[in-house]
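The structure appears right after this line, and notes come after that.
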Amino acid sequence: MASPLISTRRYWAVFIYVVLVSHASNGFYLPGSYMHTYSPNEEILVKVNSLTSIETELPFSYYSLPYCKPPGGVKKSAENLGELLMGDQIDNSPYRFRMNVNESIYLCTTPPLNEHEVKLLKQRTRDLYQVNMILDNLPALRYANQNGLKIQWTGFPVGYSPQNSNDDYIINHLKFRVLIHEYEGAGIQIIGTGEEGMGVISETDKSKTSGFEIVGFEVVPCSVKYEPEKMTKLHMYDNTSSISCPLELDRSQIIREQERVSFTYEVEFVKSDTRWPSRWDAYLKMDGARVHWFSILNSLMVIFFLAGIVFVIFLRTVRRDLTKYEELDKEAQAQMNEELSGWKLVVGDVFREPNHSKLLCVMIGDGVQITGMAVVTIVFAAFGFMSPASRGMLLTGMILLYLFLGIAAGYVSVRAWRTIKGTSEGWRSVAWSTACFFPGIVFVILTVLNFILWGSKSTGALPISLYFILISLWFCISVPLTLVGGYLGTRAEPIQYPVRTNQIPREIPARKYPSWLLVLGAGTLPFGTLFIELFFILSSIWLGRFYYVFGFLLIVLLLLVTVCAEVSVVLTYMHLCVEDWMWWWKAFYASGSVSLYVFLYSINYLVFDLQSLSGPVSAILYLGYSLIMAVAIMLSTGTIGFLTSFYFVHYLFASVKID
């Protein structure tokens with residue numbers, strides 16, 4: 001009994017501490033990282049992540065280049081599922097600081113560079129690869145001036161190629177600037193904090209909890225030519241003299257065969273007024289913030305205005321038809337049916353089984369699963385539970401949510417199957433297909449892309465062990481839950497149609513224009529609510545920028561759901577008015593066609609905004625991931641439109657007095 005009591009007390013202690021800290025701080029707390037106070041002279045370790053480039057989008061290991069290695073050997077940090085899928089490979093590094101101690105340190109001198117190393121360094125330099133370092137869970141930040149504007153980047157380049165020279169130069173000297181905030185404790189101490197998590201809270205002296213918090217990590221990269229004979233006499237972590245970054249090329253370290261490269265660094269600790277909860281503010285400032293806000297608000301106003309007009313006109317039209325139809329007696333209704341055309345004439349065919357009904361049920365089930373995952377993820381992210389401080393948590397959370405929402409997918413798909421067929425026969429096949437349809441598409445695309453990444457020896461390639469983990473999660477969690485949901489769907493009452501279906505289908509009148517043209521055009525209105533936010537999301541994914549405006553994304557998602565529902569209902573009503581009773585698939589694709597515009601916009605973004613992307617491999621990777629995104633959006637928006645249209649048609653024909 002003692003163990004649960006102690007555990008409960010610890011949870012309460014953690015809760016009280018978080019409340020006290022959040023109340024005392026002026027900044028915004030990002031869950032997922034915990035404050036660590038350092039004592040003077042305490043050792044601080046720097047970690048390195050994969051080398052990344054917006055030119056190729058192929059991450060590579062830091063130690064794939066001839067950099068200095070730590071004395072104890074390279075050790076990988078624990079990574080979650082999301083980090084592995086994103087291609088992150090976090091390792092320890094030889095860079096070590098001492099809290100509040102400014103120093104200049106020598107690391108190592110490489111052996112003479114061989115042909116392979118020179119070729120690799122030149123290629124990584126010309127592909128604009130960035131070195132990504134992490135200190136106390138903060139990425140290294142670099143400031144640069146371009147056309148008079150101060151631009152910030154995470155990481156620093158492997159090297160640079162001057163415009164007036166054919167040579168390449170390596171970055172081998174780093175000037176670190178660590179911003180620290182002096183912290184005075186309040187009688188509470190966190191034992192064992194850091195990146196890995198939070199341990200026990202205990203009462204302690206105020207002097208013991210005082211120390212320094214790291215609130216900023218900046219780097220200035222330099223290329224410096226050293227004399228190898230002089231530098232090889234030094235040992236790792238020996239002090240060296242401070243130097244200024246040279247501007248002359250003859251004093252910079254060139255990349256060529258038989259050159260020996262010496263690596264050094266300087267660290268300067270600067271006191272800052274920034275408090276620990278606000279230290280991520282510098283990273284979360286998005287470019288063009290004012291344009292982002294006003295564009296989103298303008299889009300919301302326009303779309304709400306248009307949707308409101310359509311909805312009001314539509315309600316008046318339907319109400320007028322229903323009122324006129326119900327005021328007549330049976331003989332007048334029969335005569336009216338003979339004289340008038342419209343949705344009233346397809347009463348005996350409107351609920352006729354559609355073509356490929358099993359596929360429709362499967363896609364609806366997968367759409368419910370994807371929509372539920374997106375809504376819950378964005379809500380949690382909007383409340384700050386999936387912050388950039390917790391790398392990979394967003395993707396990990398999405399995967400776990402998708403797996404456990406398999407029960408909802410199975411339930412909806414099997415219940416739709418029972419409603420259409422009138423029997424539960426074949427529900428296992430529907431549930432199995434639901435569990436394998438969208439994951440199967442993703443699995444095939446990722447396998448093709450993974451072979452490409454393996455061929456390029458990129459850290460973005462999924463290892464075989466991770467493949468088995470993902471397949472195990474799929475078949476051990478998602479598939480059983482989908483089958484359980486399917487079983488629950490067989491126990492639920494099927495939705496009863498309000499009218500009987502005729503044995504002989506009614507002939508659909510010929511039209512001047514094909515119906516698919518109207519269906520494709522309907523996707524433009526939902527796309528209008530999405531495309532501005534889509535630009536920022538694509539920039540976050542492919543240009544390495546932080547995306548943290550999930551509050552706006554939540555508003556856009558709610559608006560998208562509303563517009564998809566309205567567009568699909570309006571289009572369904574239009575088809576019924578021209579006596580087209582085959583509305584099932586058209587209702588699905590009326591809102592689902594937005595995915596076509598999303599994919600076309602992704603291609604437009606590739607051509608005009610990702611002009612730096614080089615090589616067919618990078619383009620194939622981009623298009624592959626964009627295709628997965630488009631399929632997911634199609635299933636989600638199509639399901640929203642179909643379910644709304646189904647209940648609308650059910651309500652419409654249940655409201656009419658029919659013999």
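Side-chain N/O atoms of S50 and N132 include no donor and acceptor closer than 3.5 Å. Side-chain contact, S568 with T644: no donor N or O sits under 3.5 Å from an acceptor N or O. Judged by distance alone, the side chains of T447 and Y467 do bring a donor and an acceptor atom under 3.5 Å apart. Defined by atom type and a distance below 3.5 Å, a donor-acceptor pair is present between the side-chain atoms of K358 and S429. Checking S424 against T490 by side-chain atom types alone, no donor-acceptor pair falls below 3.5 Å.
Within 6.0 Å of CD in E425 there are 12 or fewer heavy atoms belonging to other residues, nucleotides or ligands. The number of heavy atoms from other shown groups lying within 6.0 Å of CZ (F599) is above 12. Annotation: Y601, atom OH; neighbour count of heavy atoms from other residues, nucleotides and ligands within 6.0 Å is above 12. Enclosure of atom CZ in F451 is not indicated, since only 12 or fewer non-hydrogen atoms of other residues, nucleotides or ligands lie within 6.0 angstrom. Heavy-atom contacts from other residues, nucleotides or ligands closer than 6.0 Å to CD1 of I504 number 12 or fewer.
The closest side-chain heavy-atom distance from T637 to P526 is not below 4.5 Å. When side chains are defined from C-beta on, V598 counts as touching M629, because their heavy atoms get closer than 4.5 Å. E579 places none of its side-chain heavy atoms less than 4.5 Å from the side chain of D349. Between L449 and Y625, some side-chain heavy-atom pair lies under the 4.5 Å cut-off. Side-chain atoms of V368 and Y411, non-hydrogen and from C-beta on, never get closer than 4.5 Å to each other. Side-chain contact between Y573 and V649: absent, with no pair of heavy atoms (C-beta onward) separated by less than 4.5 Å. Considering only heavy atoms from C-beta on, L359 comes within 4.5 Å of F437 through its side chain. Between Y622 and V617 there is no side-chain heavy-atom pair separated by less than 4.5 Å.
Formation of a donor-acceptor pair under 3.5 Å by the Q369 side chain with backbone atoms of Y402 is found in this model. Looking only at distances, a side-chain donor or acceptor of T482 sits under 3.5 Å from a matching main-chain atom of S478. The backbone N or O of A435 sits less than 3.5 Å from a side-chain atom of W474, completing a donor-acceptor pair. N49 places a side-chain N or O within donor-acceptor distance of the main-chain N or O of Q89, the cut-off being under 3.5 Å. Under the 3.5 Å distance criterion, the side-chain polar atoms of S413 are matched with a main-chain donor or acceptor of G410. Formation of a donor-acceptor pair under 3.5 Å by the T524 side chain with backbone atoms of G521 is found in this model.
Distance check: D366 CG to T434 OG1 gives 6.0 Å after rounding to the nearest 0.5 Å. Summarising the geometry, atom CG belonging to L400 is positioned 7.5 Å from atom CD1 belonging to I477; distances are rounded to the nearest 0.5 Å. Between the CG atom of L553 and the CD1 atom of I537 there is a distance of 5.0 Å, given to the nearest 0.5 Å. Atoms CG and CG, from L525 and L571 in turn, are 11.5 Å apart once rounded to the nearest 0.5 Å. Interatomic distance, OH of Y589 versus CG of L596, reported as 11.5 Å (0.5 Å rounding). Here I399 contributes atom CD1 and L473 contributes atom CG; the two are 8.0 Å apart, rounded to the nearest 0.5 Å.
When all heavy atoms are compared, the tightest approach of F527 to L534 is CE1-CD2, 4.4 Å. Taking every heavy atom of both residues into account, I628 and F438 meet most closely at O-CE1, 4.4 Å. In terms of heavy-atom proximity, L483 sits nearest to A431 at CD2-CB, 3.7 Å. Nearest heavy atom pair, residue L520 against residue Y597, reads O-OH, 2.6 Å. Residue K586 comes nearest to M582 through the heavy atom pair CD-O, 3.3 Å, listed as atom of the first residue, atom of the second, then distance. Nearest approach of V414 to G489, heavy atoms of both residues: CG1-C, 4.1 Å.
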Residue pair W584, N355: steps toward the side-chain contact (heavy atoms from CB on, under 4.5 Å) verdict: CA-CA 9 Å; W584 303 76; N355 297 327; over 6 Å; no

Stepwise side-chain contact (heavy atoms from CB on, under 4.5 Å) test for T639 and M363: CA-CA 8 Å; T639 298; M363 293 174 74; 5.9 Å; no

Candidate pair W454 and I464, rule side-chain contact (heavy atoms from CB on, under 4.5 Å), full reasoning: CA-CA 11 Å; W454 274 334; I464 295 295; 3.6 Å; yes

ring-ring contact (aromatic ring centres under 6.0 Å, His included) between Y651 and F646, intermediate numbers included: CA-CA 9 Å; Y651 167 78; F646 179 83; over 10 Å; no

Candidate pair S602 and L606, rule side-chain contact (heavy atoms from CB on, under 4.5 Å), full reasoning: CA-CA 6 Å; S602 300; L606 171 65; over 6 Å; no

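Cation-pi geometry between R352 and W581 is met: the NZ or CZ atom falls under 6.0 Å from the ring centre, inside 45° of the normal.
For the side-chain contact (heavy atoms from CB on, under 4.5 Å) test with L401, the passing option among T396, V375, T377 is T377; the others fail.
Below 30°, between 30° and 60°, or above 60°: for F351 and H650 the angle between ring planes is above 60°, a perpendicular geometry.
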